[in-house]
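Encoded as C-alpha cells, the structure appears first; notes follow it.
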Protein chains: 2
Amino acid sequence: MCIGYSTTKLQSVITIKDIAKVAGVSHTTVSRALRADSRITPDTTERVLRLADEMGYVPNSIAQSLNAKRTYTIGMLVTSVADPVVMDFMEGAEGIAQERGYCIFLSTSRNDPAREFNVVDTFQRRRVDGVILVAPRTGDKCRLALERIQVPMVLLDSEEVNDTHPAVNVDNVGGASLAVAHLLQWGHRRIGYIGATDRRLTNVKRLSGYTKTLEQAGIQLDPTWIINPEADDDLQRGRLGLGQCLAAGVTAIFCYNDQIAISVLNSCYHKGISVPQQLSIVGFDDIRLASYVNPPLTTVRQPLQEMGRTAMKMVLGLIDKAQVKNEMLDCELVERASVAPPCTV
Amino acid sequence: MCIGYSTTKLQSVITIKDIAKVAGVSHTTVSRALRADSRITPDTTERVLRLADEMGYVPNSIAQSLNAKRTYTIGMLVTSVADPVVMDFMEGAEGIAQERGYCIFLSTSRNDPAREFNVVDTFQRRRVDGVILVAPRTGDKCRLALERIQVPMVLLDSEEVNDTHPAVNVDNVGGASLAVAHLLQWGHRRIGYIGATDRRLTNVKRLSGYTKTLEQAGIQLDPTWIINPEADDDLQRGRLGLGQCLAAGVTAIFCYNDQIAISVLNSCYHKGISVPQQLSIVGFDDIRLASYVNPPLTTVRQPLQEMGRTAMKMVLGLIDKAQVKNEMLDCELVERASVAPPCTV
DNA sequence: TTGTACGCGTTATCAA
DNA sequence: TTGATAACGCGTACAA
C-alpha cells in the first residue's frame with residue numbers, strides 16, 4: 001500500500017483567520033458572517049463580507065469537506081470517453097451536477113482491470129459521495145471492489161437489473177420493436193439482426209425485441225438472419241455482419257447500434273451496394289453522426305443526455321437518502337433515408 | 001457569497017487512529033509505517049500494514065490534501081464534452097493524469113458566462129493544482145478570472161500564443177498547406193475555403209496556409225473562393241458554404257474542419273452532387289467519424305489524443321516547477337476517397 | 001451577539 | 001525507534 005507523494009506545497013491563500021485578524025473579530029464570527037448566520041450583527045456581517053471580497057478570500061472546500069465528511073464529488077467510471085454514447089451521458093450528467101454544486105471526477109478504465117482497480121481505489125481515497133458506473137460490461141471485476149465501498153452507486157446503461165444498485169436504462173425491447181416494425185411496414189419480410197456480444201445483456205434485449213416483433217407479424221424466423229459476429233469492435237462487426245447477412249439473403253438489417261450500422265453502410269459503399277435501394281438499414285442510439293452519414297441513418301433514438309441527467313439525479317437522490325427506483329426511458333424512431341421498400345430483384 | 005450546503009455527514013471509516021488503538025501504538029507510528037518510513041521497526045511496520053489491510057483502511061486524501069496543500073487534481077474546462085475533438089483531448093489527458101496519480105474535474109461552460117464563472121469559482125474553492133482550458137474561444141470572460149487564480153494553467157487548442165500561459169497547438173498553417181497542396185496535386189486550380197469565424201485565430205492560421213500555398217503554386221486567388229458563412233454552428237456553415245462555393249465555380253473545397261466538411265458532403269448528397277466526381281472535399285481534424293462517412297473523407301489529421309496528453313504533461317510540469325514551452329504538433333494528411341481530379345464538364 | 005475550544009484525518013516537528 | 005503535540009482551514013457546541 002503506497003501512499004507517498006511528492007511533498008511540495010502549492011497554494012497559500014487567505015483564510016478566515018486572516019480576515020478575522022483584520023476585522024478584529026474571531027474566526028468564528030467570520031465563518032458565521034460568511035454563511036449569513038442571523039446571530040451576527042448586520043454591521044459586522046457587512047464588514048466581514050466586504051473584507052473577504054477585498055482580500056480575495058475563497059473558501060477552502062477541502063477543509064470544509066474534511067469537517068463535513070462529504071465532498072460534493074461524484075466519480076464517473078467509463079470505459080472510454082471517446083465514445084459518442086458516453087459523451088452524451090456525460091454532458092447530461094455534468095449539467096445536473098454543476099447545477100447542484102457537485103463536481104465530477106472523470107476516470108477511464110479502458111477495459112484494463114489494473115486501471116479499474118486503480119480508479120476504484122482513487123474514488124475511495126478521495127471520498128467521493130457517489131459513483132456512476134457508465135455502461136459497465138458484465139463481469140467487470142471492479143464491481144466487487146465497488147460493492148465494498150459503502151457509497152451510493154447507480155448503473156447507467158448497464159441493463160443489469162440489480163437489487164443493490166438502481167439503474168438507468170432504455171427500453172431496449174421496445175426500441176428494437178420500433179425498428180423492426182418500421183421495416184415490416186415498408187414491406188420487408190427477410191430482416192437480419194447484427195448483434196454485439198460484448199454488450200451481452202443489452203444485446204439479448206434488443207434481439208428479443210426483434211424476434212418478438214417478427215413472430216407477432218407471423219413471420220417464420222430464419223436463424224441465419226441472426227448474426228453475432230466474432231469481432232472485437234463495432235467496425236469489424238459491421239463488416240463481417242454485412243457479409244453474413246448478404247449470404248442469408250436478407251433485404252433489411254437491424255443493427256445493434258449506430259456504429260455497426262454505419263460500418264455496414266460503409267461496407268455497402270465499398271461493395272457498390274446502394275442503400276436503401278438494394279438494402280435497408282436501421283441503427284440504434286441516434287448518435288450525432290447518424291444524421292451526417294450518407295444516406296442519413298434511420299435509427300432508434302435513445303435519450304442519451306436525459307439518461308445522463310437521470311443517473312446523476314438518482315445518485316444525488318441516494319446521497320440525500322431519498323427513495324430511488326430503477327428508471328426505464330423510452331426510445332423513439334427517427335426516420336431518415338436508409339430505409340426503402342425491399343428490392344424486388 | 002454563498003457557502004451554505006446541506007449538512008448531512010456521509011462517510012465514517014477507519015482512520016489511522018483506529019489502527020493505532022488496535023496495534024497499541026501511536027497514530028504517528030501508524031502513519032509512518034504506512035508510508036514505509038525506515039525509522040519504524042520492520043516488525044511494527046508489518047503488523048500495522050496487516051492490520052490496515054484487515055480493518056479495511058483507506059487513506060483519506062482530503063485530510064492529506066489539507067495538510068499538504070495540494071490536491072492532485074486538475075480542472076478541465078471545456079465548452080462541451082459532446083464534441084468529437086474535445087472527447088479525444090480528454091481521453092489523452094485523462095490517461096496521463098491517471099498514470100501520475102492525478103484526478104480530473106470535468107466542467108462544461110456551454111458558452112454560458114454564468115456557468116464559466118461558476119466553474120472557475122469551483123476550481124478555486126476546490127484548490128485544483130492546475131487547469132487546462134480546452135479550445136477556449138477568444139474573448140472568454142473566464143480567462144480574466146482564471147488569471148487571478150495563481151494556478152498553473154495551459155491552453156489546449158487555443159492558438160493564442162500567450163506569454164503568461166503555455167499552449168498546445170497544432171501546426172495549422174502547415175496542416176492547411178498539406179490539404180491544399182494535395183488538391184493542387186490532383187489538378188485542382190479553383191479551390192474554395194470554408195471557414196469558421198467563431199474559432200478566429202485558428203481560422204486565420206488555416207486560411208493563411210491556404211492562401212500561401214495557392215500563391216506559391218502561382219495561382220491567382222479569387223476572393224469569392226474564401227467563404228466565412230454567417231452561421232452559429234458547423235452544420236449550417238457547411239450548408240451555406242457549399243452554396244456559395246458552387247456559385248464561385250470551385251472544383252474543390254478545403255473546409256476548416258471535418259464537421260463542416262461532413263455537412264458539405266451531406267448537402268452534396270441532398271443536391272445530387274457526387275463527391276468526389278463532381279466536387280472534391282478535404283477536411284481538418286480527422287475525427288473518428290471522418291472515416292465512416294460516404295465517401296470516406298480525406299482530411300488533415302490532428303494528433304488529438306497526443307495533444308491532450310501533452311497538455312496534461314505540461315500542467316504537471318508547471319506544477320513541479322519545471323520549465324515548460326509552447327508545443328506545436330505536426331499534422332498529417334490522411335487520404336481517403338473524397339478527392340479526385342477536377343470535373344472537366 | 002461574540003468568542004473559546006475542540007474535532008475532522010493526516011503529516012511534521014521536536015523531544016524522549 | 002517511538003510518541004506527544006501542533007498544524008492544515010473550517011464548522012460548531014458551549015460558554016460568556
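From a predicted model like this one, the values you see are computed outputs, not experimental measurements. Residue numbers begin at 1 in each chain, while the letters A, B, ... track the order of the sequences.
- Within the 4.0 Å cut-off from OP1 or OP2 of D:dC10, not a single side-chain nitrogen or oxygen of A:Ser31 is found.
- A:Arg35 places its CZ atom 5 Å from the P atom of D:dT12, with the value rounded to the nearest Å.
- Counting non-hydrogen atoms under 4.0 angstrom, B:Ser61 reaches nothing in the nucleic acid.
- Among the atoms of the strands shown, none is found under 4.0 Å from any heavy atom of A:Lys17.
- What separates CD1 of B:Ile16 from C1' of C:dG7 is a distance of 14 Å, to the nearest Å.
- Taking only side-chain nitrogens and oxygens, B:Ser26 never comes nearer than 4.0 Å to OP1 or OP2 of D:dA4.
- B:Met55 places its CE atom 14 Å from the C1' atom of C:dG9, with the value rounded to the nearest Å.
- The shortest side-chain heavy-atom distance between B:Ile74 and B:Cys103 does not fall under the 4.5 Å cut-off.
- Nucleic acid contact for B:Leu66: base, since at least one base atom lies under 4.0 Å from a heavy atom of the residue.
- At least one side-chain nitrogen or oxygen of B:Thr44 sits closer than 4.0 Å to the OP1 or OP2 atom of D:dT2.
- Smallest separation of non-hydrogen atoms from B:Arg110 and A:Glu91: NH2-O, 2.5 Å.
- Of the listed nucleotides (D:dC8, D:dC10, C:dT10), C:dT10 has the atom at the smallest distance from the side chain of B:Asn60.
- Distances from the side chain of A:Lys69 to the nucleotides C:dT1, C:dC8, D:dC8 place C:dC8 closest.
- Atom CD in B:Glu46 sits roughly 17 Å away from atom P in D:dT1 (whole-Å rounding).
- Remark: aromatic rings of A:Phe123 and A:Phe105 are distant, center separation not under 6.0 Å.
- Between the CG atom of B:Asn67 and the P atom of C:dT10 there is a distance of 11 Å, given to the nearest Å.
- Spacing between atom NZ of A:Lys21 and atom P of C:dT2 amounts to 20 Å, rounded to whole angstrom units.
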> Can you list the steps and then say if B:Thr108 with A:Glu94 is a side-chain hydrogen bond (donor to acceptor under 3.5 Å, both in side chains)?
Replying inline: CA-CA 7 Å; B:Thr108 65; A:Glu94 199 275 343; 2.5 Å; yes

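- Legend: residues meeting side-chain hydrogen bond (donor to acceptor under 3.5 Å, both in side chains) with A:Arg32, ordered by chain and number and at least two apart, are absent.
- Residues B:Thr73 and B:Arg126 form no side-chain contact, since every pair of their non-hydrogen atoms from C-beta on lies 4.5 Å or further apart.
- Distance A:Asp37 CG to D:dC10 C1': 15 Å, rounded to the nearest Å.
- Not a single donor-acceptor contact under 3.5 angstrom links the side-chain atoms of A:His27 to the base of C:dT4.
- A cation-pi arrangement, defined by a distance under 6.0 Å to the six-membered ring centre and an angle within 45 degrees of its axis, is present between A:Arg70 and A:Tyr72.
- The number of heavy-atom neighbours closer than 6.0 Å to CD of B:Glu46, taken from other residues, nucleotides and ligands shown, is 12 or below.
- Distance B:Arg70 CZ to D:dA7 C1': 19 Å, rounded to the nearest Å.
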Give me, pair by pair, the N or O atoms of the protein and of nucleotides 13-16 of chain C that are less than 3.5 Å apart, along with how far apart they are.
unit_1, atom_1, unit_2, atom_2, d
C:dT13, O4, B:Arg32, NH2, 2.9

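- For C:dG9, neither phosphate oxygen OP1 nor OP2 lies less than 4.0 angstrom from any side-chain nitrogen or oxygen of B:Gln64.
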